[in-house]
Number of protein chains: 2
Amino acid sequence: MLATVGRRARNKADKQQRIFEAASELFTRLGYSAVTTQMIADQADVGTGTLFRYASSKAELLMMVMNEKMRLDTREGIAASASPTSPTEAIMALLAPQIHLPPAFSENTAVYQREILFGAEQGQYRTEALARISELENAIGDILRRFTGTLWVRPGVDLNGAARTTFSTLHMELIRVSIGREDPQTLTATLRAHVDVLLYGVFAQR
Amino acid sequence: MLATVGRRARNKADKQQRIFEAASELFTRLGYSAVTTQMIADQADVGTGTLFRYASSKAELLMMVMNEKMRLDTREGIAASASPTSPTEAIMALLAPQIHLPPAFSENTAVYQREILFGAEQGQYRTEALARISELENAIGDILRRFTGTLWVRPGVDLNGAARTTFSTLHMELIRVSIGREDPQTLTATLRAHVDVLLYGVFAQR
DNA sequence: AATCGTTTAGGAGCGTAATCCGCAATTTAT
DNA sequence: ATAAATTGCGGATTACGCTCCTAAACGATT
């Protein structure tokens, strides 16, 4: 047997590829709710039954597509967060790529966020998305640690916990934008204000 | 005609009441996903078509039911937040009633949170839920203002913005519990830590 | 090559949320 | 009291996500 991957594996990879492309194209062009799973199956040239062996739900199909973008954005953000000389700017640089104000179909972004939080426990693509989220959270922890030399950490503060506090707030802010309850224009300024409060507090120390 | 409200209005109120009770009982007993709209219609003794004139979706039916509890919890929390002598404890007292660790059907809570964030824009019961949320956010603002006499507000901090930062974090934490990604047992301690960081910051002032 | 066991494909079918539209109950006008 | 108009009702119907089960494709074994 010469081929290390059999016909079976190749067919499978082929279908996976076709499904990804069909889902990507349709979701991007029409938006989540206007796309039916039939359309995706048809365009990928597979049966509906087949579709659901490659992703366990319509929402997972979207996550499959969105994860790709987020993977790049996360990488980019983490790289960019290395250079700034203040924690605020480092955190802003980390999240900047996530703030690609999507003009038209922010419905996809909203559904993505929704499914990350509330989607089925065992979804494979959701798991991947959650891993990206953790990556960002950890990156914030790294940033905070990086500045413990130049800034005094207030006694009793756990930096990992603080990283989570910070990320929670920023995550919620991104969700707010995706569901249209906040103006994307002012997002950067709002985020900066949030970060500022988080790092230095509301009340001054005595 | 003696009755100031016609038969029509009375029938309407009757149906509303029956639907509320049916939805409440079924959701509580079986959990959101195990309840079908047919069951609710049957138990309320109305047609399916009728059901959807009183609530525009199944999710809205749930919100109708959950809002009732939240209305009371919010009232209670705001009242309890008046007495504590530190901002941290006041905020904890405000949110305490929301933390009724629901042992079994936390599915309802998760769906409620999901719909508050991502539900249809024009839902009437969602609007009501959002009003409760705003109430809590404003209450946090009030708490912060209450302590501006005894604690110094760090220059440049907008208290309303800070209130939102605080509420965002705590809201996200409650969601985390509702979707089972955090242990309800440790929630109170975690929340306190969050609030502490938010109020006094990660880094000490020089 | 032939046979057997295993994995993958896919479309018919199902459950359910939500709509649509004809009909009935009520109110208003004559 | 009768007719006309308006509002509310509700079940048949639809659309869609997803499952289930049969059949085909594939790889291994002899």
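In what follows, chains carry the letters A, B, and so on, assigned in the order in which the sequence lines appear, proteins first and then strands, with residues in each chain numbered from 1. All values below come from the heavy atoms of this structure, side chains included, with hydrogens, waters and symmetry mates left out.
- The separation between Asp14(B) atom CG and dA25(C) atom C1' is 15 Å, rounded to whole Å.
- One can place NZ of Lys58(A) at 9 Å from P of dC16(D), the figure rounded to the nearest angstrom.
- The interatomic distance linking Glu60(A) (CD) with dG17(D) (P) rounds to 15 Å, in whole Å.
- Rounding to whole angstrom units, CE of residue Met39(A) and P of dC18(D) are separated by 15 Å.
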*asked:* Across nucleotides 2-12 of chain C, 5' to 3', mark each nucleotide with B, S or - according to how protein heavy atoms within less than 4.0 Å reach it.
replied: ----BBSBBBB
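- Side-chain atoms of Phe52(A) lie closest to dG17(D) of the nucleotides dG27(D), dT16(C), dG17(D).
- Listed by chain and number, the residues in a salt bridge (Lys or Arg N to Asp or Glu O under 4.0 Å) with Arg192(A) are Glu89(A) (sequence neighbours excluded).
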When the side chains of residues 137-145 of chain A are checked against the rest of the protein, which donor-acceptor pairs come out under 3.5 Å, sequence neighbours left out?
from: Glu137(A); atom 1: OE1; to: Arg176(B); atom 2: NH2; distance (Å): 3.4
from: Asn138(A); atom 1: ND2; to: Ser134(A); atom 2: O; distance (Å): 3.3
from: Asp142(A); atom 1: OD1; to: Arg145(A); atom 2: NH2; distance (Å): 3.2
from: Arg145(A); atom 1: NH1; to: Asn160(A); atom 2: OD1; distance (Å): 3.2

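- Rounded to an integer number of Å, the gap from Glu115(A) CD to dG17(D) P is 13 Å.
- No engagement by Ser56(B) is indicated, since no non-hydrogen atom pair under 4.0 Å with the nucleic acid exists.
- Look at Arg164(A) and Glu173(B) and you find a salt bridge, because one of the NZ, NE, NH1 or NH2 atoms lies within 4.0 Å of a carboxylate O, short of that distance.
- With sequence neighbours left out, the ring-ring contact (aromatic ring centres under 6.0 Å, His included) criterion links Tyr112(B) to no other residue.
- Applying the side chain to side chain donor-acceptor pair (under 3.5 Å) test to Asp45(A) and every residue at least two apart in sequence or in another chain returns nothing.
- Atom-to-atom, CD1 of Ile40(A) to P of dC16(D) comes out at 13 Å; the value is rounded to the nearest Å.
- Counting only residues at least two apart or in different chains, salt bridge (charged side-chain N to carboxylate O under 4.0 Å, His left out) contacts with residues 55-71 of chain A comprise Glu68(A)-Arg71(A), Lys69(A)-Asp73(A).
- Taking side-chain N and O atoms only, Thr37(B) has a distance below 4.0 Å to OP1 or OP2 of dA17(C).
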